[in-house]
2 protein chains.
Amino acid sequence: MKALFKTAGQAYKAHHALPPDAGTIADVNHDNVVKTISPDWVDGETKVMESPADHGQDLRLWLRLLTCSTLIESEIRRRLREQFDCTLPRFDLMAQLERAKAGMVLGELSKRMMVSPGNITALVERLVESGHVTRTVSPADRRVQIIALTSFGRAEFEKMATAHADWIAELFDVITARDGEILFDRLGKLKRSVVTALARD
Amino acid sequence: MKALFKTAGQAYKAHHALPPDAGTIADVNHDNVVKTISPDWVDGETKVMESPADHGQDLRLWLRLLTCSTLIESEIRRRLREQFDCTLPRFDLMAQLERAKAGMVLGELSKRMMVSPGNITALVERLVESGHVTRTVSPADRRVQIIALTSFGRAEFEKMATAHADWIAELFDVITARDGEILFDRLGKLKRSVVTALARD
DNA sequence: CAAAAAAACTTTAGGCTTGAAATAATTTTC
DNA sequence: GAAAATTATTTCAAGCCTAAAGTTTTTTTG
């Protein structure tokens, strides 16, 4: 093994193992339906638990955090795919571009999206091919590529962004505004904690 | 486009754009170091913001949640790779196996890890090849594959699990126990909110 | 100014991931 | 008991993603 790579963690989640037509009347009494949505692994928090040390609380917190974001992220992916035939990376890239009227340099896209430059190359290539973005060599510096949304790309993105915001609101429905604020605040603290730890390496 | 796929979201994070040898004395005065760790995009929360609807608070919360888990997850990946030449999926799979003394059926692995069965096939194949796990056809049901850790695999996993717990503790260092509890609790509520929303589809 | 260094990007090899379409074995149903 | 349905797993095509090693262009330096 020479080099290892980034992957997605986990995401097949609840829907997994359900037959394609799960939820139809015909399947109600197949008990794998019950099994599949049982708390046991909607959870995923059984993952690493019981580690040697006794900072188990941190681990539990981390696994729950991961479970939440995985659950949400994969649902968003699924809906983007089913309703708009789009992937999350494509959506994310267009989201970045939407705010940059004049377009954005490839390298900045890479940094903002926190993915490798080589990745953006291919992603942009596909978006150019499907007519969502344009790629222009900067006249000032011929190393630089300027990426911008086409009007078609912008229109498509608007549709998706609206739906996306609704989906999030739907998934966060039961959370009270107060709990939302608390979460936002503590996650801010957590982020600072992590960034601080990363900075002293 | 026929089918779209799950990917990682984002992860290149803070270290990205740093030269490979960043952190050495020679690089201290290259200002891209400063640029790279600037709050602007350690953040990543600039992503989708400013969506049409005004449930912006939910969106902000979701992006912060995603940022946190991405930040942590990619650091874990990086350390697993650098210190143990291992990927997160490999680690996760071994973590599942560690608790199952008698081994685990491939399908259950797939469900617990929340990834597709086809994915496990290849992952297990590589782990068998590197001597970390064994794969046996069940005598009772010849469709079933039983996967188990080898003693080598177990030993390797123990080392990694210890380090992993330490890493999490390190990253969560600044968070007080109280805030940790609050986060854990509210994330539990969030999870229920999401699961509830997913259940009524 | 020429050489060296840096910056922006692309290429490459290879692991991860999915959804859909097989394959094979077991169970159910008529 | 044979046909049909179900279950467990594999195979396939294709996109995502990284680290490392190029390219090309620009900037810095001696």
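Being a predicted model, the structure only gives us computed values, none of them experimental. The analysis underlying the following values was restricted to heavy atoms, covering all of them including side chains, and did not include hydrogens, waters or symmetry mates. Reminder, nothing fancy here: chain letters follow the sequence lines and each chain counts from 1.
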Want to settle it: does I120(A) or Q145(B) sit nearer the 5' end of DNA chain D, counting the closest nucleotide to each?
Q145(B)

With a 4.0 Å cut-off on N to O distance, would you call K111(B) and E108(B) a salt bridge?
no

If you only use heavy atoms from C-beta on, which nucleotide in dT10(C), dG19(C), dA19(D) is closest to the side chain of T121(A)?
dT10(C)

Separation of E75(A) atom CD from dT18(C) atom C1', in whole Å?
15 Å

So if I take every side-chain heavy atom of V115(B) and compare against dT10(C), dT9(D), dT18(C), which nucleotide ends up nearest?
dT18(C)

Return the set of residues passing side chain to side chain contact (heavy atoms under 4.5 Å, CB included) with T196(B) (not counting sequence neighbours), or none when no residue passes.
R200(B)

Taking atom P of dA19(D) as reference, at what distance in whole Å does atom CG of L88(B) sit?
14 Å

T87(B) has a side chain; which of dT10(C), dC17(D), dG15(C) sits nearest to it?
dG15(C)

R135(B) CZ to dT10(D) P, straight-line distance once rounded to whole Å:
6 Å

Given dC9(C), dG15(D), dA19(D), which nucleotide is nearest the side-chain atoms of R126(A)?
dG15(D)

Distance in angstrom units between L93(A) CG and dG15(D) P, rounded:
16 Å

Check the distance between dA7(C)'s P and L109(A)'s CG and give it to me in whole angstrom.
19 Å

I need the CE-P distance between M104(B) and dA8(D), as an integer number of Å.
14 Å

Counting any heavy atom closer than 4.0 Å, what does L123(A) reach on the DNA or RNA strands: base, sugar-phosphate only, or nothing?
sugar-phosphate

When every non-hydrogen atom of L106(A) is compared with those of P117(A), the smallest separation belongs to CD2-O, 4.2 Å

Rounded to whole angstroms, how far apart are CD1 on I146(A) and C1' on dC9(C)?
14 Å

Please identify each residue that fulfils side chain to side chain contact (heavy atoms under 4.5 Å, CB included) with E125(A), with sequence neighbours left out.
E129(A), R135(A)

Single hit among F84(B), F157(B), F91(B) for ring-ring contact (aromatic ring centres under 6.0 Å, His included) with H164(B):
F91(B)

V144(A), nearest nucleotide to its side chain (from dG19(C), dA8(C), dT10(C)):
dA8(C)

Short N/O separations, protein against nucleotides 24-28 of chain C, under 3.5 angstrom:
| unit_1 | atom_1 | unit_2 | atom_2 | d |
| --- | --- | --- | --- | --- |
| dT26(C) | OP1 | R142(B) | N | 3.1 |

Shortest non-hydrogen contact from S138(B) toward I146(B)
CB-CD1, 3.9 Å

Closer than 4.0 Å, any side-chain N/O of R77(B) to the OP1 or OP2 of dT18(D)?
no

E170(B)/R79(B) salt bridge by N-O under 4.0 Å criterion
yes

Can you tell me how far P of dT17(C) sits from CG of N119(A), to the nearest Å?
15 Å

